[in-house]
> 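Before anything else, here's the structure in question.
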Amino acid sequence: MLRGLLSSSTTILSKPPHPETLLPIIQSHVDSSQPKCTTPMPSPYTSTLQTLLEPISDQNPPHLLSYAPLFQFLTAQNFLKLGQQIHAHMTIHGLQPSAFLGAKMVAMYASSGDLESAVTVFDKIKNPTSLLYNSIIRAYTNYGYPLKTIDIYCKMHCLGLKGDHFTFPFVLKSCTNVLDGWMGKCVHGQSLRFGMEFDAYLGTSLIDFYVKIGELRDANKMFDLMTVRAVSSWNALIAGYMKEGEIRVAEDLFGRMPRRNIVSWTAMISGYTQNGLAEEALSLFDEMLKEDSEVKPNWVTIMSVLPACAHSAALERGRRINEYVNRIGLESNTSVQTALIAMYAKCGSLVDARCCFNRIPENEKNLCAWNAMITAYASHGQGLESVSTFENMVRAAVYPDAITFTGLLSGCSHSGLVQIGLKYFNSMQTVYSVKPRHEHYACVVDLLGRAGRLVEAKEFIDKIPMQPGPSIWGALLAACRKSRNLEIAEMAANELFVLEPENSCNYILLSNMYAEAGMWKEVDKLRARLKCQGIKKNPGCSWIEINGKPHLFLSGDASHPQAKEIYNLMQALPEKIKAAGYTPNTSFVLHDISEEEKEHNLITHSEKLAIAFGLINTTPEVVLRITKNLRICGDCHTVIKFISKIYGREIVVRDVNRFHHFREGACSCGDYW
DNA sequence: CTAGGGTTAG
């Protein structure tokens with residue numbers, strides 16, 4: 001590369017340029033690297049450069065050491081082409097860089113994006129020093145070549161060159177990135193031999209290393225042994241405990257640390273989010289804004305808190321954070337907009353999700369952004385939109401990955417686009433070089449199963465070139481419910497009972513199917529099995545957000561202050577709906593009780609309670625947004641369609657799988673779910 | 001030089 005560059009600049013090199021002629025060249029390069037700048041060259045650069053160039057032009061031949069500050073300056077300013085010119089200038093004067101100068105040049109090339117030239121310079125240095133090795137180690141680490149970094153470090157070690165506090169943090173980070181526990185521990189040992197046990201940076205790197213390889217105990221031991229702890233040392237340990245779900249310990253550390261910065265707060269917030277504690281994440285975010293005026297949330301903080309809104313479907317909360325994002329000037333950040341897309345989609349507002357997507361400039365729409373939008377359409381049952389978004393993505397020359405295809409295939413599946421879905425599945429490896437994984441096979445099983453093609457789905461599973469996991473059998477079992485195919489359901493369930501014996505959902509699903517078929521003996525058998533294995537089933541619940549405040553309802557819940565009003569409304573509802581042509585579908589009750597009782601049982605489903613509450617407490621133009629922790633039941637689905645018609649309401653229901661938009665007596669899913 | 005990170009089916 002470097003050789004190429006030198007020969008390509010022969011027009012300059014054919015006549016050795018006098019150093020003074022460099023300035024105009026430099027000037028032109030600065031101009032081209034900053035196209036928006038109308039002034040020829042910012043004066044501080046000119047004068048600094050002039051000062052730095054003086055010794056080179058005064059001495060003939062120039063002294064080697066005069067180049068060092070020049071390269072350092074160019075590294076800081078990221079003026080690659082200038083660096084090449086100066087490098088050429090040295091070559092013309094027959095100057096071989098020393099190890100010291102070589103280190104500066106490596107840094108200059110590396111920081112300007114030309115790793116290849118950095119390596120070429122490095123390889124040509126005759127008597128390498130620790131400094132030189134540090135510069136190339138740093139380059140390889142930053143470019144994401146951890147194995148190269150480790151390799152180079154081994155060479156350095158063999159040459160007897162001492163590592164220092166600019167060596168070990170990078171080498172450790174590389175060991176961490178490839179999860180090489182053995183190598184990392186060797187490096188740890190070597191660092192101790194060089195007397196580095198009191199270095200705070202190294203200590204933090206070590207904590208992070210032990211955290212990432214899953215040896216939290218050792219991470220904590222490192223922390224305890226450290227005499228000088230940086231804020232980052234605390235942060236690394238907090239992140240470690242959060243990752244292991246040890247929330248109390250993380251909270252204790254956070255409470256005890258002498259100083260906190262934005263990373264500390266973000267680590268806590270994202271820890272809460274990742275452990276499903278959305279409320280805690282949101283309130284800590286508020287507390288941070290209120291109590292610690294020293295810290296300023298950045299894009300990472302925003303990305304950590306948004307999934308909490310998504311998790312609890314807290315749309316108003318999410319909107320307020322969106323306004324905050326605009327206020328602090330983060331709206332141009334692509335990652336933030338991507339997190340907003342997912343948040344709005346999961347909070348039920350596809351329109352807002354699309355706005356965020358549109359806000360990202362075309363050339364900045366990256367893989368994550370496209371994936372977020374494709375998945376958003378999929379979860380709202382807009383399969384065709386998922387497909388066209390995918391096609392636009394390919395047209396924009398962004399290559400799809402495994403996540404793209406899970407979104408695309410699930411979009412096809414939710415919309416009943418069986419042929420299209422199968423076509424994409426068959427092309428994912430051949431056309432797009434994305435190897436199908438478990439989730440993709442599960443999507444195809446879902447695609448076929450949902451369309452009632454259970455036998456094909458089973459045959460498909462038999463042909464999968466890997467051991468089918470719980471997701472694949474789970475998709476088959478869920479699909480059986482609609483077609484009421486007990487034979488295949490039992491087969492799928494028996495696989496699942498072995499693969500994930502503690503997952504209550506599988507027992508419930510099969511039990512419900514038995515109940516629908518009136519096979520109460522089998523229902524009892526399954527219930528007994530649940531009981532004797534001590535498996536807890538998670539109770540159904542729904543919540544609705546009104547004026548930004550969530551209201552939670554359990555199935556059959558009578559504890560609510562407005563319970564009486566709610567039940568009155570629900571009780572009056574069947575008559576109203578029956579007048580509009582509805583028959584309650586009591587097969588969804590699934591207890592061995594009388595028909596009349598069943599009817600009563602139906603009206604206490606949590607999603608109905610939440611909707612009744614919403615009808616009572618909002619004005620007619622408000623869209624009701626309900627979130628349910630399980631799949632919506634068939635009777636509720638029918639009833640909500642009628643409610644949307646009778647009350648003229650728009651109702652959006654998010655269940656565990658997808659969204660249902662009810663309007664004027666119809667649902668966006670077209671009853672295909 | 002170290003710590004916090006968006007997109008994933010059923």
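Letters A, B, ... are given to chains in the order of the sequence lines, protein chains preceding strands, and every chain is numbered from 1.
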> Without decimals, in angstroms, what is the distance between M268(A) CE and dG4(B) C1'?
12 Å

> Using a heavy-atom cut-off of 4.0 Å across all strands, would you classify A230(A) as base, sugar-phosphate, or nothing?
nothing

> Starting at CG of L206(A) and ending at P of dA3(B), how long is that distance when rounded to a whole Å?
11 Å

> Please classify the nucleic acid contact of T167(A) as base, sugar-phosphate, or nothing, using heavy-atom distances under 4.0 Å.
nothing

> Determine, for E294(A) against R259(A), whether the closest basic-nitrogen to carboxylate-oxygen distance falls under 4.0 angstrom.
no

> Let's see if you can work this out: which of dA3(B), dT8(B), dG6(B) has an atom nearest to the side-chain heavy atoms of K173(A)?
dA3(B)

> Answer with base, sugar-phosphate or nothing: what part of the nucleic acid does S410(A) contact at a heavy-atom distance below 4.0 Å?
sugar-phosphate

> Classify the side chain of N657(A) and the base of dA9(B) as holding, or not holding, a donor-acceptor pair under 3.5 Å.
no

> Considering every strand and a 4.0 Å limit on heavy-atom distances, what is the contact class for I262(A): base, sugar-phosphate, or nothing?
base

> Using a cut-off of 4.0 Å on non-hydrogen atoms, how would the nucleic acid contact of D401(A) be classed: base, sugar-phosphate, or nothing?
nothing

> Taking any heavy-atom pair under 4.0 Å as a contact, classify N261(A): base, sugar-phosphate, or nothing.
base

> With centres under 5.5 Å and planes under 30°, do W370(A) and dT7(B) count as stacked?
no

> What is the ring orientation for H380(A) with F659(A), classed by angle as parallel under 30°, tilted 30 to 60°, or perpendicular over 60°?
parallel

> What is the separation between atom NZ on K212(A) and atom C1' on dG5(B), rounded to the nearest whole Å?
11 Å

> Over how many whole Å does the gap from N142(A) atom CG to dC1(B) atom C1' extend?
9 Å

> Describe the nucleic acid contact of K243(A) in one word from base, sugar-phosphate, nothing, applying a heavy-atom distance below 4.0 Å.
nothing

> How are the rings of F460(A) and Y441(A) set to each other: parallel, tilted or perpendicular (split at 30° and 60°)?
tilted

> Under 4.0 Å, heavy atoms only, any strand: does R450(A) hit a base, just the sugar-phosphate, or nothing?
sugar-phosphate

> Mind checking S205(A) for me? I need base, sugar-phosphate or nothing, with any heavy atom below 4.0 Å counting as a touch.
sugar-phosphate

> Would the number of heavy atoms belonging to other residues, nucleotides or ligands and lying under 6.0 Å from NZ of K148(A) be above 12?
no

> Check the surroundings of atom OH in Y399(A): do more than 12 heavy atoms from other residues, nucleotides or ligands lie under 6.0 Å from it?
no

> Nearest whole angstrom, please: distance from the C1' of dA9(B) to the NE2 of H438(A).
12 Å

> Take the protein atom NE2 of H414(A) and the nucleotide atom P of dA9(B), then report the distance between them rounded to whole Å.
8 Å

> Give K365(A) one of three labels, base, sugar-phosphate or nothing, depending on what nucleic acid heavy atoms sit under 4.0 Å from its own.
nothing

> What about N371(A): does its side chain form a donor-acceptor pair under 3.5 Å with the base of dG6(B)?
no

